[in-house]
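Structure first, commentary second.
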Amino acid sequence: MSATLRHRRSHELESLLFSAISSAPSLFQLKQAHALLYPLGLHRSNYLASKLLRRLAELGSPSNTCVLAVFSQVPAPNSFLWTALIRASAALGPPCPHPLLLYSLMRRALPPPPPLSFTFSALLKSCSASRSIAMGSQLHAQTIFIGGFNEDLFVQNTLIDLYVQCGQLDLARKVFDEMLVRDAISWTSLIVAYTRNGDMGSAEELFGESPVKDMIAWTAMVTGYSQNGRPREALMVFDKMREAGVAIDEVSLVGAVSACAQLGAVKRAEGVRQIAELYGLGRNVVLGSAMVDMYAKCGLIDEARQVFNGMDDRNVYTYSTMITGLAAHGKASDAVDLFEEMVAEPHIAKIAGEKLFELEPDAIGNFVLLSNIFASAGMWNEVSNVRKLMRGRGLRKNPASSWMEARDGTVHEFFAGDGSHPMSREIKAALEELMDRLKSRGYVPMLSSIVYDVSESEKQRLLKGHCEKLALAFGLLTVDSGGIIRIVKNVRICEDCHLVMCLASSSENREIVVRDNMRFHHFKDGVCSCGGFW
DNA sequence: ATAGGGTTAG
């Protein structure tokens, strides 16, 4: 009696915790939910641990230790938990173990848990993402011999995608042909592969045969024609699609819009826009950008601009399209203005930043750069997000320092706000005097160089403590007049310090050379060799 | 869980 009651209670608790985990809005809350499991012994549950891993991946947990910690609490991991671990590692990437490594560990567990269909699909997906055809085809064999999944729709569809991604269309077709049951996804995957290969003939053939034509399949045909330079056929298919009573969404409109752009057909363009309005679509960036292009190419540059202005989300494509549109209509000065609006480094900086992280995900400089750009635009939320990301990856900023060689060959190093130098008092006094002289000559501190969200006066104070300024003051005190003051800095010199160096080189009549991590700055008579670009 | 998306230059 009491045993069944206890069992029932723990079951209720389990489902309660399950929903707490799956709805946790942030990593913090997820960790709190996780902590609740321990006193109840539920951290040993395969079911809850799998859910935890899934949520960790969805929230983009920045650390692999969380993932492994959750997994290793479970004494007898089952197929579901192993698969959740594989999926989470694949989603989170490098700091986590490679999915294939985890799979081989899974195969070695005693007794080995039988792989599930979505174990294979996770693995195959990671192969197709990295285009590793060799690994992928080995797994293909295992899906049959180990998993017995040669009739599993899901696995077969993932295999089609694997071969398509690896450019092996004939192998993809072979998988497709041998399938006993196919769904819309199997058909569409191949149709798209053909259209991307420029083989509209094969695409048409398959599309004609397909008994399961849904919105996505129709859309694939419309964009296929459009992207292969056959805009009239694209619009014909689009019309047929509407006649067939298929629903329309933003993506399906893009192909039609781009076809109108290619044709320069004003009336068709108007028709497509009415459809967009009818369905309340068009708030989407891609569709909006396509519409800007459509209007520009149909000669309606003002309408293009109207769409552009009305968009609440714009990216590089949107700007480029609008700019070239303006240029094509002879509105050169508008085009230049818009270009300048675009590069003036936070909206676009965000995009550029994302690209940078794709190329060099762990380069510390990228984090610092992005954080500083957001800071100078006053986007403090984004700044703290970047900081969190850095912390999560265990990246720490090297403290900025400047150093210079004194007359006797000793090297003196300065950190920001640093008072540890034996001559600190003289240095600070010399710096104060220098700043006063520069201010009387019109120097205004560039508060925007301070990337913290603090008061103006605090910014002034922080600026004064920059290590290269301390080094400069030390140089003015110790280097013979006429001698060059040579400073080395481990990170990029800030704008305010750069300005101070320029001004000081003329007011103090000194040559100053600063080497930062990127280049040399030769300051002489108020100008710098870098010409303001660094 | 797996399928569809926009610009330009040469």
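Ion pairing between a basic and an acidic side chain is recognised when a charged N comes within 4.0 Å of a carboxylate O; A:Arg230 and A:Glu204 show such pairing. Taking a cutoff of 4.0 Å between a charged side-chain nitrogen and a carboxylate oxygen, A:Lys267 and A:Glu270 do not qualify as a salt bridge. Note on A:Arg268 versus A:Asp239: salt bridge recorded, some NZ/NE/NH1/NH2 to OD/OE distance being below 4.0 Å.
A heavy-atom distance below 4.5 Å is not found between the side chains of A:Lys213 and A:Met241.
Taking atom CG of A:Asp214 as the reference point, atom P of B:dT2 lies 15 Å away to the nearest angstrom. Atom pair A:Leu153:CG and B:dA3:P shows a separation of 14 Å (rounding to whole Å applied). Between the C1' atom of B:dT2 and the CD1 atom of A:Ile191 lies a distance of 15 Å, rounded to the nearest Å.
For residues 117-127 of chain A, proximity to DNA chain B is found at A:Ser117, A:Phe118, A:Lys125, defined as any non-hydrogen atom under 4.0 angstrom from a strand atom.
Aromatic ring orientation, A:Phe80 versus A:Phe118: tilted (interplanar angle from 30° to 60°). A:His140 and A:Tyr163 have tilted rings, their planes meeting at an angle from 30° to 60° on a 0 to 90° scale.
For A:Phe238 and A:Tyr225, the ring centers sit 6.0 Å or farther from each other.
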Query raised in the report: Step by step, would you call A:Ser258 with A:Ser226 a side chain to side chain donor-acceptor pair (under 3.5 Å)?
Result: CA-CA 7 Å; A:Ser258 152; A:Ser226 174; 3.0 Å; yes

Report summary line: Quick tally for nucleotides 4-10 of chain B: nucleotides whose base has a protein heavy atom under 4.0 Å get B, sugar-phosphate-only ones S, the rest -, giving BBBBS--

